[in-house]
Student: 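Before we start, here is the structure in question, set down as structure tokens.
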Amino acid sequence: MRKGILTIAAVGLLATGGLTACGDDSSPESGSSAKTPKIGVILPDSKSSARWETADRRFLEEAFKSAGVQYDIQNAQNDKTAFQTIADQMITSGVTALMIVNLDSGTGKAVLDKAKSQGVATIDYDRLTLGGSAQYYVSFDNETVGKLQGEGLSKCLTDKGVKNPVVAYLNGSPTDNNATLFKAGYDSVLKPKFDSKEYTKGPEDSVPAWDNAQATTIFEQQLTKANGKIDGVLAANDGLGNAAISILKKNNLNGKVPVTGQDASTEGLQNILAGDQCMTVYKAVREEAKAASDLAIALAKGERKDTGQTVKDPEGGRDVPSVLLTPKAIYKDNIKDVIADGYVTKEEVCTAAFAKACADAGIS
């Protein structure tokens, strides 16, 4: 993997903080050295974003195999009952650390609290469980993700010379704290432009469970509501962006209306190459998985690492020890960075339909 594209905030602290026995009063015994370390991971779904199965599972497995620890990775497929059942099964099977990507904070809290009561160490992976009890939170700086999206949309509107553009929002799931943070980030860029009348705020909707099919319907309704007058779309991830693009294509507006994204999915990168998507945000999942697995492996062995960083849980009022990574804005001219980083392959992105666009973008 090419070094230097992204860095982990506090990675040095993770490396130098050392290992100490877990024993703070607010946490359960974080595994036991007498037990065989075993790590359970619950992923949220495979529809909201391809990353969960194509990237997170792959990189987590890679990290656990390299460390020689037992692991069990399962996907709840956006089913809250299944999420809780999987957690119960993992706890019963003897996992010494449990890592979750919650479907919502209520379900996540119930699972974390049960794990804590059974002496199982816990990590919030990618999404913070509000009011939860996870001993660590590993993610990206999600407000920065949103800020990059807002700046990206503004750049693309400027490049197209659009005056007083009408901007629509397709926000992420209302039950996902990350979606709240993304919105805070892009609002920090775009709201001042709305307030100054430089931009006009168009329709805004949140998409339940990040469901791409619902997003297609929602955006079609937005475009109708705006009488076809939408000049830019702040879509919170590549799946929602592609939903908007599908409707723009039906109305011969694709390529004319900038659309943002996030996750640097193969589909999102191809949409950028085709000129239908303005930009995406790349999050180096390999680095996120490595940081989380390092913590999980330590916890599973009854040890604890000092991250030197915390995130405030606004519901629980707790400072959660955290590792946040730095995201990167991706445009057509630096798609090659994502491929060089090993996140996707040239073969996946540069199919026959995109071969020329890939060559033009310097992907070789």
Side-chain angles (χ1 to χ4, degrees), residues 39-64 71-91 95 97-116 120-142 145 172-182 207-212 236-239 262-263 265 281 283-296 299 311 313 320 322-325 327:
I39 300 166
V41 179
I42 310 178
L43 300 175
D45 65 84
S46 56
K47 291 184 177 179
S48 66
S49 175
R51 63 165 281 194
W52 302 117
E53 288 296 329
T54 63
D56 294 87
R57 179 184 289 273
R58 172 165 57 112
F59 293 134
L60 286 167
E61 286 181 343
E62 179 182 284
F64 295 144
Y71 64 91
D72 181 11
I73 303 174
Q74 296 191 44
N75 194 312
Q77 297 300 352
N78 199 38
D79 184 324
K80 295 178 186 179
T81 300
F83 190 96
Q84 292 177 310
T85 299
I86 292 169
D88 288 344
Q89 291 171 342
M90 287 182 171
I91 292 169
V95 297
L98 179 65
M99 187 188 307
I100 71 167
V101 186
N102 70 61
L103 296 180
D104 61 50
S105 286
T107 306
K109 182 180 187 305
V111 164
L112 293 172
D113 289 349
K114 182 165 186 178
K116 181 178 180 179
V120 176
T122 53
I123 295 174
D124 270 331
Y125 181 68
D126 202 72
R127 298 172 182 168
L128 180 66
T129 300
L130 302 182
S133 55
Q135 286 153 271
Y136 291 105
Y137 167 53
V138 179
S139 189
F140 289 82
D141 184 332
N142 290 310
V145 171
S173 173
T175 61
D176 181 353
N177 184 58
N178 280 3
T180 300
L181 296 174
F182 301 148
V207 180
W210 296 89
D211 187 280
N212 297 335
N237 76 355
D238 288 345
Q262 173 197 171
D263 290 336
S265 67
V281 178
K283 300 182 298 187
V285 174
R286 187 194 298 271
E287 301 293 345
E288 182 182 22
K290 179 66 166 61
S293 62
D294 283 351
L295 293 173
L299 287 175
V311 166
D313 174 355
V320 185
S322 304
V323 177
L324 300 182
L325 293 89

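Sequential numbering from 1 along the given sequence is applied to the chain's residues. Everything quoted here is computed from the prediction, not taken from an experiment.
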Student: Does Thr122 offer a backbone N or O that forms a donor-acceptor pair with the side chain of Gln135 under 3.5 Å?
Tutor: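 Yes; at least one donor-acceptor contact below 3.5 Å.
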Student: Could you tell me the separation between the CD1 atom of Ile91 and the CD1 atom of Ile86, rounded to the nearest 0.5 Å?
Tutor: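 Nearest 0.5 Å value for the CD1-CD1 distance: 12.0 Å.
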Student: Applying ring-ring contact (aromatic ring centres under 6.0 Å, His included), can you list everything that pairs with Tyr137, at least two apart in sequence or on another chain?
Tutor: none
Student: Check the side chains of Ser49 and Asn237 for a donor-acceptor pair under 3.5 angstrom, ignoring hydrogens and angles.
Tutor: no
Student: Is a donor from one side chain sitting under 3.5 angstrom from an acceptor on the other, for Lys283 and Gln262?
Tutor: yes
Student: Can you measure from CG (Asp176) to CG (Leu130) and round to the nearest 0.5 angstrom?
Tutor: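 So the CG of Asp176 and the CG of Leu130 are separated by 9.5 Å.
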Student: Partners of Phe59 by ring-ring contact (aromatic ring centres under 6.0 Å, His included), sequence neighbours excluded?
Tutor: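 Counting only residues at least two positions away or on another chain, Phe59 forms no ring-ring contact (aromatic ring centres under 6.0 Å, His included).
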Student: Please report the C-alpha distance between Gln89 and Asp72 in whole Å, then the side-chain angles of each, then the deciding distance to 0.1 Å, and finally whether the side-chain contact (heavy atoms from CB on, under 4.5 Å) criterion is met.
Tutor: CA-CA 11 Å; Gln89 291 171 342; Asp72 181 11; over 6 Å; no
Student: Nearest 0.5 angstrom please: Ile39 CD1 to Ser293 OG, how far?
Tutor: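 So the CD1 of Ile39 and the OG of Ser293 are separated by 7.5 Å.
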Student: Would you say that Thr107 contacts Gln84 through its side chain, given a criterion of any heavy-atom pair below 4.5 Å between the two side chains?
Tutor: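 The answer is yes, as the side chains (C-beta and beyond) meet within the 4.5 Å cut-off.
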Student: If you take all heavy atoms of Ala121 and Leu299, which pair is closest and at what distance?
Tutor: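 Between these two residues, the closest heavy atoms are CB-CB, 3.7 Å.
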Student: Taking the basic N atoms (NZ, or NE/NH1/NH2) and the acidic carboxylate oxygens, is any pair closer than 4.0 Å for Asp56 and Arg51?
Tutor: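 Result for this pair is yes, salt bridge flagged.
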Student: Return the CZ to CG distance between Phe140 and Asp126, rounded to the nearest 0.5 Å.
Tutor: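 Nearest 0.5 Å value for the CZ-CG distance: 7.0 Å.
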Student: Which heavy atom in Val281 sits nearest to a heavy atom in Val145, and how many Å separate them?
Tutor: CG2-O, 3.9 Å
Student: What residues form a side chain to side chain donor-acceptor pair (under 3.5 Å) with Asp141, not counting sequence neighbours?
Tutor: Thr144
Student: Step by step, would you call Phe83 with Val111 a side-chain contact (heavy atoms from CB on, under 4.5 Å)?
Tutor: CA-CA 8 Å; Phe83 190 96; Val111 164; 3.7 Å; yes
Student: What is the minimum heavy-atom distance between Gly131 and Asp313, and which atoms define it?
Tutor: N-OD2, 2.7 Å
Student: Please give me the minimum heavy-atom distance between Asn78 and Ala209, naming the atom from each residue.
Tutor: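 Here Asn78 and Ala209 meet closest at ND2-CB, 3.6 Å.
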Student: Spell out, as yes or no, whether a donor-acceptor pair under 3.5 Å connects the side chain of Ser265 to the backbone of Asp263.
Tutor: no
Student: Assess the residue pair Leu112 and Lys116 against the criterion (side-chain contact (heavy atoms from CB on, under 4.5 Å)); give the C-alpha distance rounded to whole Å, side-chain angles, the decisive distance to 0.1 Å, and a yes or no.
Tutor: CA-CA 6 Å; Leu112 293 172; Lys116 181 178 180 179; over 6 Å; no
Student: Check salt bridge (Lys or Arg N to Asp or Glu O under 4.0 Å) between Asp88 and all other residues, then give those that pass, not counting sequence neighbours.
Tutor: Lys114
Student: Heavy atoms only: give me the nearest Glu288-Val138 pair and the separation to one decimal.
Tutor: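 Shortest heavy-atom contact: OE2-O, 3.6 Å.
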Student: With sequence neighbours excluded, tell me which residues meet side chain to side chain contact (heavy atoms under 4.5 Å, CB included) with Glu53.
Tutor: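 Expected list: Leu43, Ser46, Arg57, Asn75.
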Student: Does the side chain of Val41 come within less than 4.5 Å of Tyr125's, by heavy atoms?
Tutor: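 Tyr125 vs Val41: side chains apart.
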Student: Identify, with sequence neighbours excluded, every residue that meets side chain to side chain contact (heavy atoms under 4.5 Å, CB included) alongside Asn102.
Tutor: Ile100, Arg127, Thr129
Student: Roughly how far, to the nearest 0.5 Å, is CG of Leu103 from CD of Gln77?
Tutor: 10.0 Å
Student: Any non-hydrogen side-chain atom of Met90 less than 4.5 Å from a side-chain atom of Val120?
Tutor: no
Student: Kindly compute the distance separating CG (Asn177) from CG (Asn142), expressed to the nearest 0.5 Å.
Tutor: 8.0 Å
Student: Which heavy-atom pair separates Val323 from Ala291 by the least distance, and what is that distance?
Tutor: CG1-CB, 4.1 Å
Student: Using a 3.5 Å distance criterion without hydrogens, assess whether the side chain of Ser173 forms a donor-acceptor pair with backbone atoms of Thr175.
Tutor: yes
